[in-house]
Amino acid sequence: MLGSTVLEVAVGLTFCYGTVALIVSTLQEALAALFRLRANTLLAGVKSMLNDPRFDGLARAVYAHPLVNPHTDGTAQDEASLRTKPSYIEPAHFAIALVDSLWKAPGDFLALRGAIDTIPDPQLRSALQGMYNRARDLQQFQDMLAGWFDNAMARMSGTYKRRQLLISFLLSLLLAILFNIDSIHLFRTLWQQPALVAHLQDVPDAIDPALVDALMTLPIGWRSFPPQMNADFALQVSGWLLTASTTLFGAPFWFDLMQRLVRMRNTGNKPEEIPPGLRMEGRIAATPSPGRLP
């Protein structure tokens with residue numbers, strides 16, 4: 001009985017956390033597309049690499065290159081006038097665009113050094129000069145530029161992921177407050193009434209009315225609003241924070257865990273192990289019962 005209750009509570013909690021995480025990830029994707037977060041983060045990374053915060057130098061020239069931004073007409077004078085912003089730039093294409101921006105009249109590889117020496121920013125000039133001095137030809141120089149861009153974007157990707165984790169936590173906390181998804185209250189109720197989650201069998205694939213209906217069968221939601229500011233409210237806030245923190249693991253983690261728990265619940269107790277001495281060629285040897293001869 002105790003093991004069954006534990007499984008039912010675990011199934012209910014993982015279903016709730018997975019559903020909240022799925023909703024949060026969907027909202028995040030919508031916000032990222034609406035505000036073009038990936039494209040803006042990439043642009044900020046390129047401006048930082050090329051030390052062009054005002055977008056009036058090399059960064060603008062690179063973004064005007066057709067390999068980097070094929071939908072541009074090359075007339076953008078500042079960041080606000082960019083009609084399109086790519087969400088991804090191939091490192092090799094960035095290297096070619098940067099070389100083309102520096103080297104207006106391609107010729108001998110040695111002539112590229114003169115263009116690099118005219119870069120006004122000393123930090124960028126020093127970085128490009130170091131790569132140029134180590135390169136044997138134009139292709140190797142472009143490979144170094146591509147590797148430099150790739151490393152810079154890896155750091156930028158880490159920054160973007162940390163920001164997304166913060167957004168995920170804030171969105172999940174907002175959902176927890178709006179729908180009163182209190183993990184502590186949820187655990188207590190499911191422990192006392194494990195039958196509330198007996199109908200949960202399948203792991204959902206996407207957000208649909210059936211998923212929302214299944215979520216609303218759990219002990220969540222407001223019964224009285226606004227809440228009273230007392231010790232119970234402090235415990236409720238702790239439950240909201242706990243719910244919000246669980247979404248940081250992501251919906252795939254919780255739904256995979258739920259699938260395992262549902263499989264355990266449907267399988268039942270594991271059969272007792274048969275002693276090796278009672279096995280005979282894959283069959284159980286008969287043991288004499290009291291009062292009978294073998």
Side-chain angles (χ1 to χ4, degrees), residues 6 8-41 44 87 155-194 196-197 200 203-262:
V6 170
E8 296 293 351
V9 172
V11 168
L13 290 175
T14 53
F15 175 79
C16 179
Y17 297 153
T19 303
V20 173
L22 181 60
I23 295 174
V24 168
S25 63
T26 304
L27 291 175
Q28 274 188 284
E29 288 299 321
L31 291 175
L34 178 63
F35 295 104
R36 309 192 66 183
L37 297 181
R38 293 184 179 88
N40 291 331
T41 301
S87 299
R155 293 191 297 271
M156 207 67 190
S157 177
T159 302
Y160 178 80
K161 289 179 180 179
R162 288 191 294 271
R163 290 176 180 173
Q164 287 299 98
L165 283 177
L166 177 60
I167 294 175
S168 174
F169 178 79
L170 294 177
L171 286 175
S172 55
L173 181 60
L174 178 62
L175 284 176
I177 295 173
L178 287 177
F179 296 99
N180 192 23
I181 308 176
D182 179 358
S183 290
I184 298 175
H185 173 69
L186 181 64
F187 174 80
R188 287 177 173 176
T189 306
L190 292 180
W191 185 261
Q192 296 170 359
Q193 305 175 42
L196 289 174
V197 295
L200 296 178
V203 177
D205 297 326
I207 299 177
D208 53 18
L211 176 64
V212 177
D213 292 341
L215 179 64
M216 298 309 294
T217 60
L218 298 177
I220 63 176
W222 289 98
R223 291 177 176 80
S224 61
F225 189 86
Q228 297 181 356
M229 303 299 175
N230 50 25
D232 292 336
F233 178 72
L235 194 63
Q236 189 176 27
V237 171
S238 300
W240 293 340
L241 292 174
L242 182 59
T243 301
S245 63
T246 60
T247 60
L248 300 179
F249 293 97
F253 170 81
W254 291 111
F255 285 143
D256 180 66
L257 181 59
M258 178 186 170
Q259 192 172 26
R260 295 172 184 269
L261 292 171
V262 169

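In this structure, the side chains of Leu178 and Trp222 stay at 4.5 Å or more apart for every pair of heavy atoms. Between Leu190 and Val197, some side-chain heavy-atom pair lies under the 4.5 Å cut-off. Proximity of Leu22 to Phe255: side-chain heavy atoms (C-beta onward) are separated by under 4.5 Å at one or more points.
A distance of 13.5 Å separates CG of Leu186 from CH2 of Trp191, quoted to the nearest 0.5 Å. Here the CD1 atom belonging to Ile177 is positioned 9.5 Å from the CD atom belonging to Gln236, to the nearest 0.5 angstrom. In this structure, Leu242 CG and Ser245 OG are separated by 4.5 Å, a value rounded to the nearest 0.5 Å. To the nearest 0.5 Å, the span separating CG on Leu196 from CD on Glu8 amounts to 9.5 Å. Atoms CH2 and CG, on Trp240 and Leu173 in that order, are 8.5 Å from each other to the nearest 0.5 Å. The line from NE2 of His185 to CG of Asp232 is 11.5 Å long, rounded to the nearest 0.5 Å.
For Ser183, the side chain to side chain donor-acceptor pair (under 3.5 Å) partners at least two apart in sequence or on another chain are Tyr17, Thr243. Residues forming a side chain to side chain donor-acceptor pair (under 3.5 Å) with Ser172 (at least two apart in sequence, or on another chain): Thr247. Applying the side chain to side chain contact (heavy atoms under 4.5 Å, CB included) test to Ala10 and every residue at least two apart in sequence or in another chain returns Leu261. Under the side chain to side chain contact (heavy atoms under 4.5 Å, CB included) criterion, Ser87 pairs with Arg38, Ala39, not counting sequence neighbours. Residues meeting the ring pair (Phe, Tyr, Trp, His ring centres under 6.0 Å) test with Phe249, sequence neighbours left out: Phe253, Trp254. In terms of the side chain to side chain donor-acceptor pair (under 3.5 Å) criterion, Arg188 has no residue partners (sequence neighbours excluded). Applying the side chain to side chain donor-acceptor pair (under 3.5 Å) criterion to Arg223, with sequence neighbours excluded, gives no partner residue.
Applying the salt bridge (Lys or Arg N to Asp or Glu O under 4.0 Å) test to pairs two or more places apart or on separate chains, none has a residue in residues 165-186.
Closest non-hydrogen pair, Val20 versus Ile181, comes out as CG2-CD1, 3.7 Å. Heavy atoms only, all atoms of each residue included: Gly250 and Ala21 are closest at C-CB, 3.9 Å.
With a 6.0 Å radius and a threshold of 12 heavy atoms from other residues, nucleotides or ligands, Arg260 has its CZ atom at or below the threshold.
The backbone N or O of Pro252 lies less than 3.5 Å from no partner atom in the side chain of Asp256, so there is not a single donor-acceptor pair.
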Which pairs would a plain distance check flag for residues 155-171, meaning a side-chain donor or acceptor within less than 3.5 Å of a matching protein atom at least two apart in sequence or in another chain?
residue : atom : partner : partner atom : Å
Thr159  : OG1  : Arg155  : O            : 3.3
Thr159  : OG1  : Arg162  : NH2          : 3.2

